[in-house]
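Just below is one structure, and these are the notes that go with it.
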Amino acid sequence: MSAMGDSGYRSLVDPEGGIVDRSIFVDDQIFNDEQEAVFTRAWLFVAHETQIPNPGDFFVSRMGTESVIVSRDRESKIHVFLNSCRHRGMKVCRYDEGNTTSFTCPYHAWQYGSDGRLLGVPQNLTLYPDLDKSQWPLVEVPQMENYKGSIWATWDADAPPFLDYLGDAKLHLDLTLDGRDGSEGGSEIIAGVHKWIIPCNWKFPAENFLGDTYHNISHESVDLIGIGPSAAAGQKGRRDADIAEYQHVWAAFEGGHGVHSALRPAELGYQPTFRDHPAVEEYYRKCFESREKRLGDAARLVPFVGTLFPNTSYHGGQPRALCVWHPHGPTSTEVWRFFLVDADAPDEVKELLRKYYMRYSGPAGMTEQDDMENWNYATAGSMGPVARRHPFNYQQSMHASSWEGPVAGQVSTQISEQNPRRYYEAWAAYMDGQSWDQIYSLGQQARGNGR
Amino acid sequence: MNQLPRTSAFFALQAEVADVLSTEAHLLDDRQYNEWLDFLAEDIVYFVPMQRNVEVGTHAERETTREGKDMHWFEDDKWTLTKRVEQILTGVHWAEEPYSRVTHLTTNTQIVTAEPSVDDATIVEARSRFIVYQNRVEYEEYYFVGKRTDTLRRVDTEIGWELVRRDVTLDQNVLLAKNLTVFL
Ligand code: FES
Ligand SMILES: [Fe+2]
């Protein structure tokens with residue numbers, strides 16, 4: 001029995017009234033339904049190509065609750081396979097990463113190539129004289145996209161192509177993946193993916209990264225002590241105040257994506273950000289100038305955070321990373337964070353960023369520890385029968401959005417819960433099994449309704 | 001194996017180091033964080049890499065994230081560790097406010113090297129095993145279990161030694177905890 005009532009999941013989400021039912025964060029059946037309705041349809045981030053640079057390299061990732069192998073075959077083509085043997089389902093690869101010519105299943109030793117083809121079946125001639133091996137490869141995603149090195153996949157052959165799926169959110173993902181000097185792409189992963197478990201529903205962190213600037217106050221401890229790259233010079237805060245003077249924008253897009261980016265006022269120049277490290281400061285100042293030359297007025301827009309529906313988030317500036325909130329259970333999330341740097345940045349820049357990312361992010365990160373505590377106990381506090389009778393309030397900046405803002409999309413220039421309102425509206429459309437056309441016209445409808 | 005000869009001087013030094021590690025554990029468990037910072041050398045390296053599942057034969061190359069290159073749980077210097085303590089002491093670090101209850105058990109302490117010699121050691125490398133138990137708020141329980149290799153330098157303090165380097169192997173792949181607010 002589902003908790004959704006008679007009128008579908010849309011009855012649990014009221015974007016007009018700014019109300020969302022708590023059950024979507026705690027209910028077992030809703031979690032189970034999400035696996036099919038959301039995670040077998042949406043585009044999901046699985047890896048970065050710099051993790052598998054050579055033929056035969058593989059990285060084992062996740063899509064929803066399921067394990068997948070991201071494999072670069074001998075012809076250097078990248079594939080994404082379900083990590084489950086076609087014979088009895090054994091996980092064919094239980095390594096995190098490596099290099100191989102084939103994946104041999106531990107159970108009965110069916111052997112698959114790095115391109116997924118079934119190559120060998122023990123005692124084939126006697127036991128399976130009629131087996132057509134070409135019919136039993138590893139299950140491969142119907143669509144995969146390598147976008148500026150970031151690898152995405154969907155189980156839905158009918159899903160819009162990746163760039164259509166992103167729509168106007170693309171610009172903001174670009175700002176994250178592109179070079180700090182404005183050049184296209186060129187980012188790489190620092191080896192070592194943070195993986196950890198938060199006792200919370202996966203949508204709490206996904207929502208947070210839509211641009212919950214309102215929760216700044218919860219980071220007071222780290223803001224008081226200062227841990228940014230100018231902290232020794234006396235700068236307080238989690239990071240330097242590089243975008244303090246910028247016009248911040250919160251933008252929601254078709255498909256449920258939402259971002260928080262910032263626009264530099266035209267008269268404002270480079271903001272010192274690495275005062276403890278003069279050589280790094282110099283490098284970033286040069287990047288800033290190159291970016292100005294390359295992009296002109298467009299260089300004024302810089303990324304902060306965003307969530308690409310459903311569960312990939314980014315930190316576009318500092319600490320620059322892609323983050324996946326894997327659903328692990330109704331009240332359990334397995335987080336994977338992939339840290340990004342410009343591949344051509346000097347070693348001392350990479351070194352400084354690596355250290356800064358570590359002290360900021362993840363379970364040992366001084367900033368994010370307090371996020372984890374909040375998501376943990378927001379989930380715990382929503383589980384009881386009485387708690388579930390009382391929905392959450394999403395009415396912040398209810399009528400403060402514009403469709404003619406300084407960036408595309410529905411835009412607020414003040415702190416707003418517009419992005420989660422649109423995100424949960426899209427979530428309900430997925431959950432109710434709506435068509436791609438329906439899901440991707442929700443924004444237009446909202447606009448038509450004056451919302 | 002190439003281990004130090006088990007002389008009485010060796011056992012005396014080993015007992016002394018085990019006692020130092022117990023003292024350190026007490027400082028942490030008793031929340032004497034500033035006293036704990038005093039035990040850390042100015043040039044300390046506190047290193048807790050991540051552990052991967054990899055194929056036999058590739059462990060040296062792939063199992064552990066590489067110091068100075070990769071992401072880890074911690075690769076901290078004294079400044080960063082001091083910041084961590086300052087943060088706990090702000091009283092608004094919600095991941096440690098209210099404080100967790102933490103107990104460090106250290107065991108299997110063995111001297112691996114002693115310089116210049118066991119008899120007049122000023123630098124020792126010691127390996128040990130640890131269990132760090134954390135109970136948080138009401139129901140949260142975490143066990144952090146693993147291996148330490150510590151480098152200690154003899155100094156003129158009440159403890160008599162300072163910690164110059166700590167290499168921690170934490171026996172987890174996906175971290176089975178939301179946070180690492182404890183010092184390992
Ligand atoms: S389950 Fe893989 S060969 Fe049988
Ligand atoms: Fe946060």
Side-chain angles (χ1 to χ4, degrees), chain A residues 60 93-100 189-200 217-227 231-232 276 321 328 333-339 350-351 354-359 361-377 380, chain B residues 46 48-58 61-77 79-98 100 136-140 142 170 172-184:
Chain A
V60 171
C93 183
R94 290 161 306 127
Y95 305 122
D96 298 347
E97 57 170 58
N99 182 282
T100 190
I189 295 289
I190 308 176
V193 178
H194 276 174
K195 303 178 183 178
W196 76 104
I197 303 279
I198 314 176
C200 75
I217 185 90
S218 75
H219 292 300
E220 187 184 355
S221 65
V222 79
D223 288 346
L224 284 169
I225 62 169
I227 62 161
D276 299 343
H328 201 58
T333 300
E334 182 173 328
V335 191
W336 288 24
R337 183 172 276 115
F338 304 71
F339 293 91
K350 289 184 182 177
E351 176 63 6
R354 191 177 66 86
K355 291 272 181 67
Y356 175 54
Y357 296 175
M358 269 189 278
R359 67 178 182 265
S361 299
M366 286 184 260
T367 302
E368 293 196 335
Q369 289 176 347
D370 291 329
D371 291 318
M372 259 71 88
E373 188 80 2
N374 288 327
W375 301 330
N376 180 171
Y377 285 98
Chain B
Y46 173 73
V48 188
M50 294 186 283
Q51 306 297 326
R52 298 192 187 94
N53 299 301
V54 297
E55 190 176 4
V56 63
T58 66
E61 175 197 352
R62 293 187 188 269
E63 183 180 26
T64 305
T65 48
R66 301 160 299 176
E67 185 177 3
K69 286 201 168 101
D70 299 346
M71 297 301 297
H72 316 287
W73 297 129
F74 298 92
E75 187 185 324
D76 281 4
D77 56 12
W79 181 84
T80 309
L81 290 164
T82 304
K83 286 289 173 190
R84 293 183 187 280
V85 166
E86 282 177 21
Q87 185 184 23
I88 292 171
L89 298 178
T90 60
V92 287
H93 179 26
W94 308 120
E96 272 301 323
E97 175 59 32
S100 301
R136 173 140 197 78
V137 194
E138 297 150 296
Y139 312 113
E140 286 183 80
Y142 304 99
L170 176 61
Q172 294 190 8
N173 170 249
V174 175
L175 184 77
L176 301 176
K178 68 179 179 192
N179 277 332
L180 281 167
T181 55
V182 295
F183 298 102
L184 300 174

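Note on naming: letters A, B, ... go to the chains in the order of the sequence lines (proteins, then strands), and numbering restarts at 1 for each one.
Here the shortest heavy-atom pairing between A231(A) and W79(B) reads CB-CZ2, 3.6 Å. When all heavy atoms of D70(B) and A191(A) are compared, the pair lying nearest together is CB-O, 3.2 Å. Y377(A) approaches R136(B) most closely through the heavy-atom pair OH-O, 4.3 Å. When all heavy atoms of M358(A) and F74(B) are compared, the pair lying nearest together is SD-C, 4.3 Å. The minimum heavy-atom distance linking K178(B) with I198(A) is given by the pair CB-CA, 4.2 Å. Taking every heavy atom of both residues into account, D370(A) and W94(B) meet most closely at OD1-N, 2.9 Å.
Contacts of V193(A) with chain B are made by backbone atoms alone, with heavy-atom separations under 4.5 Å and no side-chain atom involved. For chain B, the nearby parts of N99(A) are the backbone and the side chain; heavy atoms of each come within less than 4.5 Å. Neither the backbone nor the side chain of R337(A) comes within contact range of chain B, judged by heavy atoms closer than 4.5 Å. Looking at D76(B), there are no atoms closer than 4.5 Å to chain A (heavy atoms on both sides), in backbone or side chain. Proximity to chain B (any heavy atom under 4.5 Å) is shown, for I225(A), by both the backbone and the side chain. With a 4.5 angstrom heavy-atom cutoff, E140(B) touches chain A only via side-chain atoms. Contact annotation for Q369(A): both backbone and side-chain heavy atoms come within less than 4.5 Å of a heavy atom of chain B. Residue contact with chain A, scored on non-hydrogen atoms closer than 4.5 Å, is absent for T58(B).
Between the side chain of N53(B) and the main chain of D96(A), no donor-acceptor pair closer than 3.5 Å is present.
Between the CD1 atom in I227(A) and the CZ atom in R84(B) there is a gap of 8.5 Å [rounded to 0.5 Å]. Distance check: Q87(B) CD to T367(A) OG1 gives 7.5 Å after rounding to the nearest 0.5 Å. The distance from atom CD of E373(A) to atom CG of N179(B), rounded to the nearest 0.5 Å, is 7.0 Å. To the nearest 0.5 Å, atoms CD (E55(B)) and CD (E97(A)) are separated by 12.0 Å. The distance from atom CZ of R359(A) to atom NZ of K83(B), rounded to the nearest 0.5 Å, is 9.0 Å. The NZ atom of K195(A) sits 13.5 Å away from the CD atom of Q172(B) when rounded to the nearest 0.5 Å.
Note: G226(A) leads G226(A), P199(A), C93(A) in heavy-atom pairs under 4.5 Å with chain B. For the set K355(A), R94(A), E368(A), the entry with the most heavy-atom pairs within less than 4.5 Å of chain B is K355(A). Most heavy-atom pairs under 4.5 Å with chain B, from the set V222(A), L224(A), N376(A): that is N376(A).
Proximity of K69(B) to K350(A): side-chain heavy atoms (C-beta onward) are nowhere separated by under 4.5 Å. Annotation: side chain of T80(B) is in contact with side chain of M366(A) (closest heavy-atom distance under 4.5 Å).
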